[in-house]
Amino acid sequence: MSQQEPAVRGGEPAVQTDSPEQWERETEREVEAAADCIRRGEMTGAGSGVAKQFEDEFREYIGAEYCLTTDHGSSGLASAYYAVGVGPGDEVIVPTAGYLGAYEGALHMGARPVFCDIDPETLLIDPDDVEEKITERTRAICAIHFQGRICDMDRLLEIGDEYGVAIVEDAAHAHGTEWDGQKIGSFGDVACFSLQATTPTGKPVAAGEGGIVTTNNREFYERQLAHCHLHRKGATDEFTNPEYRKLDAELLGKKNRAYPPALAVARVSMDSLDYRNEGRIAYRNHIRDGLESVPGVRVAGTYDKSDSGGLYAGMRVIYEPDELDGLSVERWADAVQAEGVSLSGPGLAYMEHRRQIMQRGFDLWGHDRGPLGGEWCGLPEFEGYEEGDFPVAEDMDSRTFKMPTYIDPVDGHADDVITAFRRVADSYESLAE
Ligand SMILES: Cc1ncc(COP(=O)(O)O)c(C=O)c1O
């Protein structure tokens, strides 16, 4: 037990370094890969060259039947909503502790996002609340695997089967993760990954901008192709559905193909994916286990069939004021930060029901048309959300913090972080004064 004076009261901070990461991005390899593409003049195109190579490699890595790349994760998600048949007047259930990019594709197809609450243990979509929100208009459920923590896929797929509703997995943060020993994207209906930003702080596979969609469902794959891969090499021959075979090379006119030099960079990032994921998960687990005996704090949990987490945008730690006699969240956070811990928050990143358009509605297409206005296309009038609609998410938002995870931290860093939290817990009575 640490008896040392807390840093907020003048003691020596428990964590002495603010740059503990030793892993280095393979910048030169990325530059070379992109430059090779540029030299070859491979700056556009789909269904051939580096784009096809990357799709084949990713499909094989995941163990999915089909893989399609897109220009962004969000356009991949849009193609997935199109694939599963989302259209005007439908509803798509998505957690409020989510992200606009997870469902904007459905919104712009005329579907209404219907928010649900989260599980307070995992901070992920709550399957019980999903069931409460299902109506005859529900066409899809969006399962966001936030920061690489995996949603309860067994429950969600059961619900999907029971109600005839597709599960669209937003795996923007979850490349290489598993559920019950199977890679995310290798089972279920359709999974979408983002390639946004650069390693190590960007998406687990990072290429600047880009997206990937995997599915085992041939019809979904063909609908995605038709939706957004204008002029993809061989697309019309690839279709098995006779209706899509009749399309001309411009398909349905949308062009959301990936940029080949970006995919060349993504291929480099793939080489270190498992190493980076393992490092981050080990770091997160070390801290999670160490904090088990520290009052007042816990690391966001995971379901038994998947132990990943902290793969993008850090790990989530939750303050439990009841365990420290109600010490305020501000005092607790100030004391932890003073110990040198890179703790930011509180907040769950985004709370979708607090958006202006979700509280007040919005005349999306003018002339009082669209899913966020008056009665339209079989949808009842949009009532708008308000504070108090999602008690669990709102509570967790007020006391959940973000901490970075490291792939290859300097020795002892995770232990120093645990010491910092312990020191704060040990001295909480003096912190309240
Ligand atoms: C949870 C989530 N879903 C979807 C997206 C959209 O991905 P992209 O930025 O590649 O369009 C992101 C991007 O940050 C995200 O974090």
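Counting starts at 1 for both ligands and their atoms, following the listed order. For clarity, every value in this text was computed on a predicted model and none was experimentally measured.
Tyr259 meets the ring-ring contact (aromatic ring centres under 6.0 Å, His included) test with no other residue; sequence neighbours excluded. Applying the salt bridge (charged side-chain N to carboxylate O under 4.0 Å, His left out) criterion to Glu57, with sequence neighbours excluded, gives Arg267.
Checking Glu394, Glu387, Gln359 one by one against Arg354, the side chain to side chain donor-acceptor pair (under 3.5 Å) holds for a single residue, Glu387.
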May I have every N or O pair linking ligand 1 to the protein at under 3.5 Å, one per line with atom names and distance?
| residue | atom | partner | partner atom | Å |
| --- | --- | --- | --- | --- |
| ligand 1 | 3 (N) | Asp170 | OD1 | 3.3 |
| ligand 1 | 3 (N) | Asp170 | OD2 | 2.5 |
| ligand 1 | 7 (O) | Ser194 | OG | 3.4 |
| ligand 1 | 10 (O) | Gly73 | N | 2.7 |
| ligand 1 | 10 (O) | Ser194 | OG | 2.7 |
| ligand 1 | 11 (O) | Gly73 | N | 3.3 |
| ligand 1 | 11 (O) | Ser74 | N | 2.8 |
| ligand 1 | 11 (O) | Ser74 | OG | 2.6 |
| ligand 1 | 14 (O) | Lys203 | NZ | 2.6 |
| ligand 1 | 16 (O) | His173 | NE2 | 2.7 |

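Under a 3.5 Å cut-off, the side chain of Thr400 and the backbone N or O of Ile318 do not form any donor-acceptor pair.
For the pair Arg223 and Tyr82, the distance from NZ or CZ to the six-membered ring centre is under 6.0 Å and the angle to the ring normal is within 45 degrees.
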Result block: side-chain N/O donor-acceptor pairs under 3.5 angstrom for residues 166-174, not counting sequence neighbours:
| residue | atom | partner | partner atom | Å |
| --- | --- | --- | --- | --- |
| Glu169 | OE1 | His145 | NE2 | 2.9 |
| Asp170 | OD1 | Ala172 | N | 2.9 |
| His173 | ND1 | Gln147 | N | 2.9 |

